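So the structure is just underneath, and the comments pick up after that.
Bear in mind the structure is a predicted one, so any value in this text is a computation, not a measurement. Chain A is the first sequence line, chain B the second, and so forth, proteins listed ahead of strands; every chain is numbered from 1.
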Amino acid sequence: MVVHCSARSHTAADGLRRRLLWVTIPTRIFCAKGDDMTSAIKDLHQNVGKTVTLQGWLYHRRDSGKIAFLVIRDGTGLCQCVVTKNEQTEPFFETARRLGQESSLRVTGTVRADPKQVGGHELDVTGLEVIGESENFPITPKPHGIDFLMKNRHLHFRSRRQWHILRVRHTLIDEIRGYFNRNGYTLIDTPIFAPAAGEGSQTLFTVDYFGEPVYLAQTGQLYVEAACMAFGKVYCFGPTFRAEKSKTRRHLTEFWMVEPEIAYAELDDVVAVAEDFICSIVTRVLREHRADLEFLGRDIAALEKIQKPFNRVTHAEAADILRGPRAKELLERDLAAKTARIEEAKKLIAEKEAREKGAGVKQWERDKLVGEIHELREELADLEVEVQNIPHHIELAANFDPRGDLGGSDETIISRLHDRPVFVTHYPRECKAFYMKRSATDPSRVNNLDLLAPEGYGEIIGGSQREDDLAALLERIKEEGLNEEDYAWYLDLRRYGSVPHGGFGLGVERTLAWLCGLKHIRETIPFPRMMGRFYP
RNA sequence: UCCCCGAUAGCUCAACGGUAGAGCGGCCGGCUGUUAACCGGUAGGUUGUAGGUUCGAAUCCUACUCGGGGAGCCA
């Protein structure tokens, strides 16, 4: 039954010729059908004591003369495969111990449980088939800079951390669809080519549409409003584009957004849906991805606190908080804590540097110290920027304009004063989009909602009840200086059976960054598009 | 659009006005239980680009390019 590959000899001569042969003459030697079975690494626990074949890529390799350890990655997990030099493995032992990182392989062997090893199992190898060679894989198990990793993003997400994050992304997206599908919403796809701005002043990408300028959609909202008058409850889910010149850890130029829209709904109904929706996402991710979150170092207890009811403040209350003593105290405590940590980090760096330069330090210890120093320096740089910004943030909060929008630092303050997500509602009309419903109790405000994620992750949901009154909507369009003709079809929705309705948009990547506890949004999407970066 | 920081070997960094180095990765050799394995050997550079200061520039100055972070704006 055994699978073997031909062994390559490795004398220095004829390297190139042999490599060409290696590429052009496949060395596949197939086993007889049905003799052994392929297994996903995640299913190895069902096959202890049996002989199976794994199909994957070489994640890591170590060898020691007459024994070689091949850590295989197959997309479902990692498994260490042990090749011991003996009569059976002799034909491929030399090949095995020289395989390059990310070589693709079929490995046959006997499954053995070993709780010490990654994944809890080990394979005693009896057969090896090399499918594709790999030499000089650029991403090694050592530290790399972010620019290098992003230039190699097509290879980067083979690494473990990225694999864990993108698995959570998969479930997040599945739960987004699942939640709305279960609750009676109809999926309505909205156009990517859009004739005019959805929300007014934001920066749009222009595309040449047979000689005419059109824009890449930054929201499907106006279209789902039309659709909810046909289907009652609808949602759209797709990529959205913003040409904002923002180079921060929270911004992408292309990101994914889900936008539910509900007919016969007022602000409180929309808030209730948003709350229920977030809870269902958190519950599902906690249920299915605890191990992934643990690997990522996420504070799981913080996520477990995400339960109904969320906090709810009005914009006016938020303004009072920002201008009052609580905000200032929070930031001053922050400043003190971060300043202290800076001193501590500096001391630690000095200590570690002294130790690293000292005599009698083994190479692996030196490596470890260098890595730790590197991490501390990065933390230090971040802290120094934050400390530099805090006085500015204190000032921004203290002088917060009660008629203005919340800035990024203001959102952080509000969210950090609560351990559950916070809805901020009833913003001043002038700082929000024209389509938002004027508040009945205070006509200078609108029935809108922003949801601030905890721990300073910022706004993950923005939404509102929509203006359903034709006259009021026309007035707002004029006020904003928008062209009424561009919105003719949208105004029709208020002419033919208008009803109270509303909805919101949730940004997938910011939500995922929050769920996984990530510092940078660029890790949350397989191929990030950012200002100045659109490769690969 | 504005502010701050950076660019040295394939990668991560050191050299701080006086002969460009280390670790990892690569290659060669050794080692039967490794966990970022280890040990020995070896190859690898127009210091982002263009100018300037200087006897002498990776190092100082200017501009530009690219990247990182932040403000504004935002999911």
Side-chain angles (χ1 to χ4, degrees), chain A residues 10-12 15 60-71 78 80 82-86 93 97-98 100-101 114 116-118 122 135-152 199 201-203 218-219 240 242-259 353 356-357 362-364 366-371 373-374 377-378 381-382 384-386 388-389 392-393 396 405-409 411 431 450-453 457-463 504-514 519-522 524 530-533:
Chain A
H10 279 272
T11 55
H60 198 65
R61 189 207 69 220
R62 291 174 287 267
D63 73 275
S64 174
K66 300 203 171 70
I67 185 165
F69 301 95
L70 310 177
V71 179
L78 295 174
Q80 176 159 283
V82 186
V83 190
T84 312
K85 192 170 184 180
N86 57 33
F93 183 81
R97 65 175 282 255
R98 287 166 186 280
Q101 191 187 344
D114 184 346
K116 281 201 308 287
Q117 303 304 340
V118 61
E122 218 174 37
E135 287 181 359
N136 288 321
F137 189 71
I139 300 174
T140 63
K142 298 284 172 175
H144 297 285
I146 194 64
D147 185 41
F148 177 79
L149 291 173
M150 285 298 146
K151 278 180 176 147
N152 288 284
E199 296 180 12
S201 62
Q202 290 152 356
T203 327
Q218 59 177 13
T219 170
T240 190
R242 307 254 166 117
E244 289 155 6
K245 293 192 174 173
S246 302
K247 286 173 68 169
T248 81
R249 56 186 75 184
R250 303 187 304 283
H251 284 88
L252 296 167
T253 55
E254 178 183 309
F255 64 94
W256 286 67
M257 186 159 71
V258 61
E259 295 175 275
E353 274 178 345
E356 187 241 321
K357 289 199 178 96
K362 291 205 171 142
Q363 189 54 54
W364 70 267
R366 187 160 287 156
D367 271 10
K368 192 164 162 249
L369 285 166
V370 166
I373 291 167
H374 194 258
R377 285 223 177 103
E378 275 187 359
D382 278 353
E384 276 170 350
V385 170
E386 285 168 33
Q388 202 184 319
N389 284 335
H392 183 49
H393 292 165
L396 281 174
D405 209 344
L406 270 68
S409 60
E411 289 178 355
C431 60
D450 278 0
L451 182 67
L452 307 181
Y457 276 92
E459 187 182 343
I460 56 171
I461 279 181
F504 62 85
L506 171 117
V508 167
E509 288 76 15
R510 282 193 184 173
T511 304
L512 186 60
W514 164 55
K519 244 165 59 174
H520 300 274
I521 201 169
R522 62 187 160 219
T524 61
M530 293 175 289
M531 193 185 157
R533 194 183 285 287

Expressed as a whole number of Å, how far does the C1' atom of B:C11 sit from that of B:A7?
15 Å

Which is more 5' along RNA chain B, the nucleotide nearest A:Gly100 or the one nearest A:Val82? Just name the residue.
A:Gly100

Pick the C1' atom in B:G18 and in B:G41, then give their distance to the nearest Å.
32 Å

In whole angstroms, how far is the P atom of B:C2 from the CD atom of A:Glu244?
18 Å

note: A:Arg98, atom CZ; B:G26, atom P; distance rounded to Å ~ 12 Å

If you measure from the P atom in B:G17 to the same atom in B:C60, how many Å do you get, rounded?
8 Å

Given A:Asp63, which partner from the list A:Arg98, A:Arg97, A:Lys85 fulfils the salt bridge (Lys or Arg N to Asp or Glu O under 4.0 Å) test?
A:Arg97

Give a yes or no on whether a donor-acceptor pair under 3.5 Å exists between the nucleobase atoms of B:G33, that is its base, and the side chain of A:Thr84.
no

Is A:Asp63 touching bases, backbone alone, or none of the nucleic acid, heavy atoms closer than 4.0 Å?
base

Gap in Å between the two C1' atoms, one belonging to B:G67 and one to B:G33, rounded
43 Å

Using a 4.0 Å heavy-atom cut-off, does A:His392 contact any base of the nucleic acid, only the sugar-phosphate backbone, or nothing at all?
nothing

For the pair made of CG in A:Asp382 and P in B:C4, what is the distance, rounded to whole Å?
19 Å

Between P on B:A75 and CG on A:Leu451, what's the gap in Å once rounded to a whole number?
13 Å

If the cut-off is 4.0 Å, is A:Arg533 near the phosphate of B:G68, judged by side-chain N/O to OP1 or OP2?
yes

Nearest of B:G69, B:U32, B:U34 to any side-chain atom of A:Gln117?
B:U34

Has the side chain of A:Arg510 got a donor or acceptor atom sitting under 3.5 Å from an opposite partner on the base of B:C74?
yes

Short side-chain N/O contact from A:Lys245 to OP1 or OP2 of B:U1, under 4.0 Å:
yes

Distance between C1' atoms of B:A20 and B:C28 (Å, rounded)
26 Å

Checking A:Arg250 side chain against A:Arg510 main chain: does a donor-acceptor pair fall under 3.5 Å?
no

Using a 4.0 Å heavy-atom cut-off, does A:Glu254 contact any base of the nucleic acid, only the sugar-phosphate backbone, or nothing at all?
nothing

Is A:Gly532 touching bases, backbone alone, or none of the nucleic acid, heavy atoms closer than 4.0 Å?
sugar-phosphate

Taking atom C1' in both B:G45 and B:A15, compute the distance separating them and give it to the nearest angstrom.
14 Å

5'-most contact on RNA chain B: A:Gly408 or A:His393, nearest heavy atom basis?
A:His393

Mind checking if A:Gln80 touches a base, just sugar-phosphate, or nothing, with heavy atoms under 4.0 Å?
base

Using a 3.5 Å cut-off on both pairing distances, which stems of three or more Watson-Crick or G-U pairs include RNA chain B?
B:1-7 with B:65-71, B:10-13 with B:21-24, B:26-30 with B:38-42, B:48-52 with B:60-64

What contact category does A:Ile461 fall into here, base, sugar-phosphate, or nothing, at under 4.0 angstrom with non-hydrogen atoms?
sugar-phosphate

Within the pair A:Arg250 and B:A71, is there a side-chain N or O less than 4.0 Å away from OP1 or OP2?
yes

Any A:His520 side-chain nitrogen or oxygen under 4.0 Å from OP1 or OP2 of B:G69
yes

Report which part of the nucleic acid A:Gly507 touches: base, sugar-phosphate, or nothing (heavy-atom distance under 4.0 Å, all strands).
sugar-phosphate

Protein-proximity profile, nucleotides 7-15 of chain B, B/S/- by nucleotide at the 4.0 Å heavy-atom cutoff, equals ----SSS--

Would you please confirm or rule out a distance under 4.0 Å between OP1 or OP2 of B:G25 and any side-chain N or O of A:Arg61?
no

Confirm from the modelled atom types if A:Glu135 and B:G25 form a donor-acceptor pair under 3.5 Å, side chain to base only.
no

